[in-house]
Amino acid sequence: MKIATWNVNSLRARADRVEDWLRRSDVDVLAIQETKCKDENFPWELFENNDYEVAHFGVNQWNGVAIASRVGLDDVQRTFPGQPEFGKGGKNPIQEPRAIAATCGGVRIWSLYVPNGRALDDEHMGYKLNWLDILKQDAHGWLQENPDTQIALMGDWNIAPKDEDVWDIDFFVENQMTHVSAPERAAFSAFEELGFSDVVRPHTEGQYTYWDYTQLRFPKNEGMRIDFALTSPALTARVTGASIDREERKGKGASDHTPVIVELAD
DNA sequence: ATGGTGGCGTAGCCA
């Protein structure tokens, strides 16, 4: 079985590329982030025509997460318990469409779009850290409930856990950039302390998953590793390989993120 | 190549 995660940066703008990629990648499950649409604008046919079931969570033009699967799609869950709300300036707070789960082929798949943070002193950063803390507490409970459960926390984590995960750590620190700060990294490693593992890194040393559209970042390979699949111990034991599809970042009309793929033993 | 982002929705926000 092959499972993958991909921030597509608008599913409508990327429909043709997503369809092409589904066909050639041959993944069984795809966790999607940033669909950037409501259900009424979601390209359901794209998945149906390729024999994938799909579940979507989107309420406006922002965020939006989905899971496509051809190995079953059961117990769909939108938001995690206690997921913090956000509204800019405290106005009209909602539980944003940043988390959806489904059980696919015996694996509890989460498609996660972690809040960006925007700036170290922005209210969005507090939201980001709180959001991750509540998710961590939930994940802890799931593992305690059943230590053998197979969970994949997949998505755009908007955190670069190691210095090598950005093209120039000095640039990030000097400019007080987000994604590399100590609190963000602590929020990420908290999942590893629970027993979740970044199973992609050992197979993709030195590779990035994201390159900003600006400043010729991709041609210069000035990227970041911010998309991850964190697996529970029982699922980690099944991992046979992983890859980052850098080819998908090339050409006109690419997302700024690449697909990240995990291969599992049957 | 005298450039230097893209998407939504149609101004400005978000990343």
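Worth saying up front: this structure is predicted, and the values here are computed from it rather than measured. Quick note on labels: first sequence line is chain A, next is B, and so on, each numbered from 1.
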Checklist entry - With A:Tyr113, which of A:Arg98, A:Gln33, A:Glu96, A:Glu34 fulfils side-chain hydrogen bond (donor to acceptor under 3.5 Å, both in side chains)? => result A:Glu34
Next on the checklist: Ring-plane angle category for A:Tyr127 and A:Phe86, please: parallel below 30°, perpendicular beyond 60°, tilted otherwise.
Outcome noted: parallel
Next on the checklist: Can you check the distance between B:dA11 and B:dG7, where both ends of the measurement are the C1' atom (answer in whole Å)?
Outcome noted: 14 Å
Next on the checklist: My understanding is that only residues two or more places apart in sequence, or in another chain, count here; which of them pass side-chain contact (heavy atoms from CB on, under 4.5 Å) with A:Lys91?
Outcome noted: none
Next on the checklist: Distance check, P atoms only: B:dC14 and B:dG9, in whole angstrom units.
Outcome noted: 15 Å
Checklist outcome for this item: Contact string for nucleotides 7-15 of chain B, one letter per nucleotide 5' to 3', B = base within protein heavy-atom range under 4.0 Å, S = sugar-phosphate only, - = neither, reads BSS---BSS
Checklist entry - Closest approach of A:Val199 and A:Ala242, non-hydrogen atoms and distance? => result O-CB, 3.9 Å
Checklist entry - What's the NZ-C1' distance between A:Lys220 and B:dG3, to the nearest Å? => result 13 Å
Checklist entry - Would you find a donor on one side and an acceptor on the other, under 3.5 Å apart, between the side chain of A:Ser255 and the backbone of A:His257? => result yes
Checklist entry - What residues, two or more places apart in sequence or in another chain, satisfy side-chain contact (heavy atoms from CB on, under 4.5 Å) together with A:Asn92? => result none
Checklist entry - When the C1' atoms of B:dG6 and B:dT10 are considered, how many whole Å apart are they? => result 15 Å
